[in-house]
Protein chains: 2
Amino acid sequence: MTRMTAARSPYSPADRPRLGLRERKKIKTREAIRAATYALVKEQGYDATTIEQIAERAEVSPSTVFRYFPTKEDIVLTDEYDPLMLEELRARPEDEPWIDSVRHVMRKTLELSEREDPEVLRLRAHLGAQVPAIRSRYFESMTETGRLLRQALAERTGRDPDSLEVRVSAMALIGGMMEVSMYWAESGFEGSLRDLMEQALDVMKDGLGPGNP
Amino acid sequence: MTRMTAARSPYSPADRPRLGLRERKKIKTREAIRAATYALVKEQGYDATTIEQIAERAEVSPSTVFRYFPTKEDIVLTDEYDPLMLEELRARPEDEPWIDSVRHVMRKTLELSEREDPEVLRLRAHLGAQVPAIRSRYFESMTETGRLLRQALAERTGRDPDSLEVRVSAMALIGGMMEVSMYWAESGFEGSLRDLMEQALDVMKDGLGPGNP
DNA sequence: ATGTTTTTGATAGTTACTGTCATTTCATGG
DNA sequence: CCATGAAATGACAGTAACTATCAAAAACAT
């Protein structure tokens with residue numbers, strides 16, 4: 001956040017339109033749609049909430065909702081953490097074991113997410129555990145995150161990012177992370193997600209061999 | 001298959017209606033729907049194929065299609081291997097490392113599947129790689145398979161099947177297996193899926209640690 | 001053959017999503 | 001401040017996957 005390169009703008013120092021009215025409105029609309037969705041979902045549940053209701057509460061037309069989000073699931077799940085994670089990942093030392101890099105990146109991302117909006121993280125995990133459609137989309141988006149991982153893993157181990165080994169390792173990790181989120185939601189959000197995630201990483205690091213302790 | 005407890009039936013030994021006309025028709029309808037779907041998908045692609053077309057070709061009404069399969073994706077993906085896998089898994093020696101048991105079970109299941117219908121396995125992998133909706137459903141069904149795995153893993157390692165460790169291990173493995181299928185499809189079905197799967201299991205067994213070789 | 005139960009098909013409805021086009025809203029140069 | 005171009009919006013019509021309901025048809029039991 002606050003990553004807008006403020007840099008000397010052509011405007012006088014104090015006042016800063018920075019974003020045109022159009023852009024600001026777009027952001028507001030996006031937020032309005034998301035907020036409306038979160039509220040309605042909390043009130044009625046996900047399935048019972050229709051796009052029409054969301055549009056009404058957000059004071060836009062249904063068309064506009066679809067213009068901002070391709071699917072209903074995306075309204076709940078869309079975020080912008082991937083680029084941040086990538087940045088963070090690149091910042092890690094070259095010789096660090098990749099799984100430790102992942103650990104750091106995840107920790108940072110979760111911290112950030114929890115600081116910005118602790119509700120959302122929980123709602124997502126909860127819906128991911130309950131609603132199949134959401135879980136699916138959730139998995140898809142983690143798969144995309146997994147692609148970033150492949151890149152990093154390949155660089156660290158000097159292997160082809162498209163090799164079976166790299167792909168399987170990355171995806172196994174994604175699967176594990178996914179399950180952590182489910183576990184967290186299903187156990188009523190006891191304990192911190194970060195701690196659970198670190199435990200999970202320990203398990204996977206040591207391998208799924210014999211008595212993987 | 002052929003697990004129907006044949007036991008002394010009230011019929012004379014030679015002739016065996018065994019399944020009433022009703023049951024036989026149901027099986028035939030089911031197969032007709034599946035066959036129609038596979039054919040149409042091969043001709044036109046998945047998205048372009050509608051339930052109406054499927055119904056028409058299978059010579060049933062759309063209602064009936066939905067009565068047999070809850071979703072379009074299920075027509076493509078539904079199978080009955082899970083119970084077989086469970087059986088197979090229980091047959092493995094108690095003291096075998098669980099991941100080796102998985103290896104054997106997967107090998108057997110893939111052999112069987114390839115013997116019964118080599119086309120289907122490929123079509124599924126292909127669609128899983130191409131069509132998001134199918135991939136999602138695919139993942140869901142593997143997740144269910146993962147639950148069986150949890151049980152077995154727990155028994156072997158004397159841990160709670162609902163513990164984070166067990167759940168993460170099982171799901172990581174599922175993620176890895178999922179990726180194997182994608183890999184296979186994306187590389188044009190080169191090599192045998194079984195070999196790829198075994199490679200993947202080796203990778204995961206050794207752990208996702210430092211330079212997981 | 002007849003009464004019962006199961007399966008089917010027809011029909012109507014809901015909802016997520018797509019495509020198109022006219023209208024409105026912002027941006028910009030004079 | 002206004003005219004002109006560009007972007008965003010809303011209204012509308014359409015598609016397709018599903019759901020629910022109910023009467024007709026098929027299989028079963030006696």
Side-chain angles (χ1 to χ4, degrees), chain A residues 9-11 15-34 36-37 40-41 44-78 127 131-137 140, chain B residues 9-11 16-33 36-37 40-41 44-78 127 131-137 140:
Chain A
S9 77
Y11 296 96
D15 70 343
R16 31 183 180 149
R18 247 169 62 195
L19 263 51
L21 177 53
R22 222 162 229 174
E23 301 302 314
R24 265 177 291 155
K25 245 193 171 171
K26 261 160 79 169
I27 292 175
K28 258 171 91 175
T29 303
R30 208 181 166 76
E31 282 313 306
I33 294 172
R34 247 210 282 266
T37 305
L40 285 167
V41 166
Q44 323 173 330
Y46 179 80
D47 287 327
T49 300
T50 72
I51 298 283
E52 228 175 314
Q53 293 173 329
I54 292 170
E56 197 180 351
R57 186 165 303 198
E59 304 192 275
V60 294
S61 73
S63 314
T64 300
V65 174
F66 284 117
R67 228 172 249 123
Y68 279 81
F69 299 93
T71 71
K72 198 172 137 188
E73 295 91 59
D74 281 284
I75 307 179
V76 173
L77 293 178
T78 300
L127 291 176
V131 184
I134 298 269
R135 181 165 51 250
S136 294
R137 191 63 193 69
E140 276 290 304
Chain B
S9 80
Y11 296 97
R16 30 178 181 152
R18 246 170 61 195
L19 263 51
L21 178 53
R22 226 164 225 172
E23 302 302 313
R24 267 176 290 151
K25 245 193 170 172
K26 260 160 84 167
I27 292 174
K28 258 171 89 176
T29 304
R30 210 181 164 75
E31 281 315 306
I33 294 172
T37 306
L40 284 166
V41 166
Q44 324 173 328
Y46 179 80
D47 287 327
T49 301
T50 73
I51 298 282
E52 227 176 314
Q53 293 173 330
I54 292 170
E56 197 180 351
R57 183 162 308 195
E59 304 192 274
V60 294
S61 73
S63 315
T64 300
V65 174
F66 284 117
R67 228 173 250 122
Y68 279 79
F69 300 94
T71 70
K72 196 172 138 189
E73 295 92 58
D74 280 283
I75 307 179
V76 174
L77 294 178
T78 299
L127 291 177
V131 184
I134 298 270
R135 181 165 51 251
S136 295
R137 191 63 191 72
E140 276 290 304

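Just so we're on the same page: letters track the sequence lines, and every chain starts at 1. As a basis for the values below, the full set of heavy atoms in this structure was taken, side chains included, without hydrogen atoms, waters or symmetry mates.
- Nearest heavy atom pair, residue A:K26 against residue A:Y68, reads CG-OH, 3.1 Å.
- Atom CG in A:D74 sits about 13 Å away from atom C1' in C:dA16, given to the nearest Å.
- Here the P atom of nucleotide D:dT19 and the CZ atom of B:F69 are 15 Å apart, to the nearest Å.
- The minimum heavy-atom distance linking A:P62 with A:E52 is given by the pair CG-CG, 4.4 Å.
- Closest non-hydrogen pair, A:K72 versus A:T49, comes out as NZ-O, 2.7 Å.
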ask   = Hey, mind stepping through B:K28 and B:E31 against salt bridge (charged side-chain N to carboxylate O under 4.0 Å, His left out) and telling me if it holds?
value = CA-CA 5 Å; B:K28 258 171 89 176; B:E31 281 315 306; over 6 Å; no
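- The shortest non-hydrogen separation linking A:S61 to A:A55 is C-CB, 3.8 Å.
- At its two ends the helix from C:dA1-D:dT30 to C:dG30-D:dC1 runs along axes set 10° apart, each axis drawn from five pairs and the angle rounded to 10°.
- Atom CD1 in B:I33 sits about 13 Å away from atom C1' in C:dG9, given to the nearest Å.
- Of all the heavy atoms in B:T78 and B:D74, the pair that sits closest is OG1-O, 2.7 Å.
- Residues satisfying the side chain to side chain donor-acceptor pair (under 3.5 Å) test with B:R30, not counting sequence neighbours, are none.
- Nucleotide C:dT6 holds its P atom 16 Å from the CG atom of B:L21, rounded to whole Å.
- Of all non-hydrogen atoms in B:I33 and B:V65, the two that sit nearest each other are CD1-CA, 4.0 Å.
- One can place NZ of B:K28 at 15 Å from P of D:dA26, the figure rounded to the nearest angstrom.
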task = Let me have a per-nucleotide readout for nucleotides 6-18 of chain D, 5' to 3', with B, S or -, counting only protein heavy atoms under 4.0 Å.
result = BBSBBBB----SB
